[in-house]
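These notes are about the structure you will find just below.
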Protein chains: 2
Amino acid sequence: MDNKKLIGDLLHAHGLKKTPIRTEMLALFMDHDFALSASDIVAKMTAGHDRVTIYRALSSFEKHGILHRASEDGQGIKYALCGQHCPDEPHTDKHAHFICDECHQTYCLEDVKVPKANISNEFSVTGVSYTLSGICKQCNR
Amino acid sequence: MDNKKLIGDLLHAHGLKKTPIRTEMLALFMDHDFALSASDIVAKMTAGHDRVTIYRALSSFEKHGILHRASEDGQGIKYALCGQHCPDEPHTDKHAHFICDECHQTYCLEDVKVPKANISNEFSVTGVSYTLSGICKQCNR
DNA sequence: ACATAAAGTGCAACAATGTTGCGTTTATCG
DNA sequence: CGATAAACGCAACATTGTTGCACTTTATGT
Ligand SMILES: [Mn+2]
Ligand SMILES: [Mn+2]
Ligand SMILES: [Zn+2]
Ligand SMILES: [Zn+2]
């Protein structure tokens, strides 16, 4: 697990400081294949850090195109890592997401493309979101 | 505007009581072509009613298939009227929705169908949501 | 019209998410 | 090493949504 190196490079590449908190946060994202909310992170962090710090780091990561919003239901926003090809700024996904009704995890469906919108040109479409729900692969077996 | 009659019938058809608050709420939904949140409703109601009452009415309407969730971003849930053919229970939409980045209104795109999901059968899909964003027809002109 | 039961309402209290301001600490770079 | 900007922690706050409980209103049947 030389994620440590990767994370340092990632932060540095975006002009962000490599602090223990942010390093641990990004390690958490790399260790999970589902999206994480601010409170998920607070719960999984070893030391007890302030919620505000986590919120600000998430915002910063989103602003720099390191994380994207994978889902935002009533219970809050869940983030997931962006791909290496993602632009260095906030952006919408080109892939679909799946929310499990049982375990409430959100998965990125990297290989399911968001369908093209077919809509009256009275509307200017700049973002599209395609979210599936049901029972995930884990809960299904 | 004989919506009054329609509303009475609608409530009665679902075994709900026809109270002034619920009547006014449904009238509000009929008078707008975009979705409304609980706080939108509180603000638009003539008398000052308790938020809790509005929340409970919205839940009841959703449970009976009178309203559906048109969007739920971080700022809350917005509801819109269901079609006449909708089942008498909570259900997911078959149409897309549009969220304006400028006025922040949510519109039902009744004639834009939600694309069929094409996904690994490790996942059991029971719901699909397709949400577009950008600039709406009002803000565009 | 009246009694009754069920549904709806209001108030208080609470939990969770997310924000802002401000003073302090820490990382990075010359 | 010292300066600067970023990051952190704390307190305080706003908003959304929930729950419990007592009270009121609506619908129903006699
Ligand atoms: Mn994703
Ligand atoms: Mn709709
Ligand atoms: Zn699951
Ligand atoms: Zn608009």
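To find a chain, count down the sequence lines: A is the first, B the second, and so on, and within it residues start at 1. Quick caveat: nothing in here was measured; it's all calculated off a predicted structure.
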Min side-chain heavy-atom separation B:Leu109-A:Phe123 under 4.5 Å: yes
Touch class at under 4.0 angstrom, heavy-atom based, for A:Arg22 against every strand present: sugar-phosphate
Side chain A:Tyr130, main chain B:Ala117, donor-acceptor under 3.5 Å: yes
B:Ile99 reachable from A:Val114 in the ILVMFWY side-chain graph, under 4.5 Å edges: no
Close residues, residues 32-53 of chain B, relative to DNA chain D [heavy-atom separation under 4.0 Å]: B:Ser39, B:Arg51, B:Val52
Any residue meeting salt bridge (charged side-chain N to carboxylate O under 4.0 Å, His left out) with B:Asp101, in chain and number order, not counting sequence neighbours: none
Rounded distance in Å - OH (A:Tyr79) to P (C:dT17): 13 Å
Every protein N/O lying under 3.5 Å from an N/O of nucleotides 28-30 of chain C:
unit_1 : atom_1 : unit_2  : atom_2 : d
C:dT28 : OP1    : A:Lys18 : N      : 3.0
C:dC29 : OP1    : A:His12 : NE2    : 3.4

Five-pair end axes of the helix from C:dA1-D:dT30 to C:dG30-D:dC1, angle between them (10°): 30°
DNA chain D: 5'-most and 3'-most nucleotides touching chain B, 4.0 angstrom heavy-atom criterion: D:dT16 to D:dA27
Rounded distance (Å) that lies between atom P of C:dG10 and atom OH of B:Tyr55: 15 Å
Chi angles and distances behind the side chain to side chain contact (heavy atoms under 4.5 Å, CB included) call for B:Met30, B:Ile7: CA-CA 9 Å; B:Met30 292 181 179; B:Ile7 292 171; 3.7 Å; yes
Gap between atoms CE and P, on B:Met25 and C:dA7 respectively (whole Å): 18 Å
Contact nearer the 5' end of DNA chain D, comparing A:Ala57 with B:Ile77: A:Ala57
CD1 on A:Ile135 to CD on A:Glu102, rounded to 0.5 Å: 5.0 Å
B:His64 side chain to B:Ser60 backbone, donor-acceptor under 3.5 Å: yes
Contact check, side chains of A:Phe34 and A:Gln138, non-hydrogen atoms, under 4.5 Å: no
side-chain hydrogen bond (donor to acceptor under 3.5 Å, both in side chains): pairs with one or both residues in residues 35-56 of chain A, sequence neighbours excluded: A:Glu24-A:Thr46, A:Ser37-A:Ser39, A:Ser37-A:Asp40
Check: B:Arg56 side chain, C:dG10 base, donor-acceptor under 3.5 Å: yes
